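These notes are about the structure you will find just below.
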Amino acid sequence: MIKFGLYGLHRGGNVNPETLARRARAAEAAGFESLWVGDHIALPGELGGEKDRRLEAVVALAHLAALTSRVRLGFGVLVLPQRQPVLLAKQLSSIDVLSNGRLIIGVGVGYIEPELEAMGVSLADRGARTDEHLAAMRELWKGGTPHFDGRFTSYEGVFQRPLPIQEPHPPVVIGGHSRPAFRRAVQTANGWYGVYLDPDAAAEALSGLRAVAGDVERPDSLGELEITITPPGPIDLETAEKYAQLGVHRLAIQPSVMESDEIDEVIASVGEKMVGRV
């Protein structure tokens, strides 16, 4: 049975604290399985940076953890190369502990060059940073005495406690539609996240993902790769069934307009017509 998530409570009119609280609790009560937030820290003006209201992703998800008690909490996705991995590992462990093990860590390499540069990261090394940051965080989450010697991050003899509740760490989901993203998902992650894909585009992306899965080895310890898709707008029951037939495990639904009350309609409609029916 397909799971339904809600994407976007960090944006637009939801940044009002009372509105955010009301909608998060309404989504949980309606039966949504998860809440998802995205990550842009500083957008250029040509991409709407002056008008696009967004809460910082880690702060927003920590707040959602306090507002809810059941739904899973996902990043869809963190731009990992522009984050400091030792600090981020601590922040993510803290959210997992405070949410009683509800965190899903979605990460991607990013693509907006002015934003990456503002954070001290080049477009050229974003993939290498992503792979290294994931490895550095996993080492801190292992327990024991951590040690890491990388190109961008090194540490020895430092500890982070408490460890995440979920073992060995919260599930990691890789976002992105490129072959390197597919490889990263298959070889190292628990899931893959595709954004703004209608059923035809999702079928094409999943075909590419499965082709990569046929070429590289997936560790048995990772189990089945969970597929999450954000459609390019609200959907109906028939469309949800098309995604389910493709092998999609979760739909993270996003309203088409953030500065409106459409998200209330999405919460009510999905909860009434789709949760538990696909």
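Throughout, numbering of the chain's residues begins at 1 and tracks the sequence. Just so we're clear, the structure is a prediction, and the values are computed from it rather than from any experiment.
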Working note: Gln82 + Asp39, criterion side-chain contact (heavy atoms from CB on, under 4.5 Å); need CA distance, chi angles, decisive distance, verdict.
CA-CA 10 Å; Gln82 67 188 22; Asp39 180 30; 4.0 Å; yes

Going through the checks in order, is the side-chain contact (heavy atoms from CB on, under 4.5 Å) test met by Leu80 and Arg129?
CA-CA 8 Å; Leu80 187 54; Arg129 283 181 182 270; over 6 Å; no

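- A side-chain donor from one of Asp236 and Thr239 sits under 3.5 Å from a side-chain acceptor of the other.
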Given the rule in the salt bridge (charged side-chain N to carboxylate O under 4.0 Å, His left out) test, do Asp198 and Lys242 qualify, once you have shown the distances and angles that lead to the verdict?
CA-CA 10 Å; Asp198 63 22; Lys242 291 180 181 178; over 6 Å; no

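- For the pair Leu251/Met274, no side-chain contact is recorded, criterion being any heavy-atom separation below 4.5 Å from C-beta on.
- Annotation for Tyr7 and Met258: closest pair O-CE, 4.2 Å, computed over non-hydrogen atoms.
- Residue Glu46 qualifies as enclosed at atom CD: its count of foreign heavy atoms under 6.0 Å is above 12.
- Residues Ile112 and Pro44 meet the side-chain proximity criterion, which asks for heavy atoms closer than 4.5 Å.
- Between the side chains of Arg72 and Ser34, no donor N or O sits under 3.5 Å from an acceptor N or O.
- Contact of the Pro234 side chain with the Glu265 side chain is not registered, since no non-hydrogen atoms from C-beta on lie closer than 4.5 Å.
- Looking at Val278 and Phe4, their side chains come closer than 4.5 Å, going by heavy atoms from C-beta outward.
- Taking CD of Gln84 as the start and CD of Gln91 as the end, the distance is 9.5 Å to the nearest 0.5 Å.
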Verify side-chain contact (heavy atoms from CB on, under 4.5 Å) between Ile263 and Leu6, making sure each step is shown before the conclusion.
CA-CA 9 Å; Ile263 194 166; Leu6 180 68; 4.2 Å; yes

From CA spacing to verdict: salt bridge (charged side-chain N to carboxylate O under 4.0 Å, His left out), Asp131, Arg183:
CA-CA 11 Å; Asp131 290 332; Arg183 174 198 54 78; 3.7 Å; yes

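- Under the 4.5 Å side-chain heavy-atom criterion for grouping Ile, Leu, Val, Met, Phe, Trp and Tyr, Val86 is connected to Val158 within one hydrophobic cluster.
- Of the N and O atoms on the side chains of Asn14 and Thr19, not one donor lies less than 3.5 Å from an acceptor on the other residue.
- Only one option out of Ile95, Val172, Val107 pairs with Phe75 in a side chain to side chain contact (heavy atoms under 4.5 Å, CB included); it is Ile95.
- Leu123 is connected to Val121 through a chain of hydrophobic side-chain contacts under 4.5 Å among Ile, Leu, Val, Met, Phe, Trp and Tyr, so both are in one cluster.
- A distance-only check finds a donor-acceptor pair linking the side chain of Glu28 to the backbone of Val71 [under 3.5 Å].
- Distance NE2/His40 to CG/Leu47: 8.0 Å, rounded to 0.5 Å.
- Note on Leu225 and Val212: same hydrophobic cluster, where clusters join Ile, Leu, Val, Met, Phe, Trp and Tyr whose side-chain heavy atoms are under 4.5 Å apart, directly or indirectly.
- Judged by distance alone, with hydrogens and angles left aside, the side-chain atoms of Gln166 form no donor-acceptor pair with the main-chain N or O of Asp96 at under 3.5 Å.
- Remark: side-chain polar atoms of Glu115 are not paired, donor with acceptor, to backbone N or O of Leu43 under 3.5 angstrom.
- A side-chain donor-acceptor contact under 3.5 Å links His249 to the backbone of Ile227.
- Formation of a donor-acceptor pair under 3.5 Å by the Arg218 side chain with backbone atoms of Ala189 is found in this model.
- The structure places OG1 of Thr228 at 7.0 Å from NZ of Lys3, a figure rounded to the nearest 0.5 Å.
- With rounding to the nearest 0.5 Å, the separation of CH2 in Trp36 from CG in Leu9 is 13.5 Å.
- Between atom NZ of residue Lys142 and atom CE of residue Met137 there is a gap of 14.5 Å, rounded to the nearest 0.5 Å.
- Gly127 and Val109 get closest at one heavy-atom pair: CA-CG1, 4.1 Å.
- Residues Leu88 and His133 form no side-chain contact, since every pair of their non-hydrogen atoms from C-beta on lies 4.5 Å or further apart.
- Of all heavy-atom pairs spanning Val77 and Gly108, the tightest one is CG2-N, 3.5 Å.
- Residues Ile104 and Pro170 form no side-chain contact, since every pair of their non-hydrogen atoms from C-beta on lies 4.5 Å or further apart.
- Test Val59, Leu55, Leu61, Val58 against Val37 for side chain to side chain contact (heavy atoms under 4.5 Å, CB included) and you get one pass: Leu61.
- Closest heavy-atom contact between Glu132 and Phe152: OE2-N, 2.7 Å.
- In this structure, the side chains of Asp264 and Arg22 come closer than 4.5 Å at one or more pairs of heavy atoms.
- For CD of Glu204, the number of neighbouring non-hydrogen atoms (other residues, nucleotides, ligands) closer than 6.0 Å is 12 at most.
- Between the side chain of His10 and the backbone N or O of Gly38 there is at least one donor-acceptor pair closer than 3.5 Å.
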Could you give me the CA-CA distance, side-chain angles and deciding distance for Leu222 and Asn190, then say whether side-chain contact (heavy atoms from CB on, under 4.5 Å) is met?
CA-CA 6 Å; Leu222 292 175; Asn190 305 98; 4.0 Å; yes

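- Taking CG of Leu78 as the start and CD1 of Ile41 as the end, the distance is 8.5 Å to the nearest 0.5 Å.
- In the hydrophobic cluster analysis, where Ile, Leu, Val, Met, Phe, Trp and Tyr join through side-chain heavy atoms closer than 4.5 angstrom, Leu237 is grouped together with Val248.
- Looking only at distances, a side-chain donor or acceptor of Ser94 sits under 3.5 Å from a matching main-chain atom of Lys90.
- A pairwise comparison of heavy atoms in Leu197 and Tyr243 identifies O-OH, 2.6 Å as the closest pair.
- A distance-only check finds no donor-acceptor pair linking the side chain of Trp192 to the backbone of Arg184 [under 3.5 Å].
- Within 6.0 Å of CZ in Arg277 there are 12 or fewer heavy atoms belonging to other residues, nucleotides or ligands.
- A distance-only check finds a donor-acceptor pair linking the side chain of Thr230 to the backbone of Ala252 [under 3.5 Å].
- Both Ile267 and Val15 are part of a single hydrophobic cluster, where members link through side-chain heavy atoms under 4.5 Å apart.
- Of all non-hydrogen atoms in Gly13 and Arg23, the two that sit nearest each other are C-NH1, 4.4 Å.
- When atom types are taken as modelled, the side chain of His177 and the backbone of Val195 share a donor-acceptor pair closer than 3.5 angstrom.
- You'll find the side chain of Tyr193 stays beyond 4.5 Å of the side chain of Arg250, heavy atoms only.
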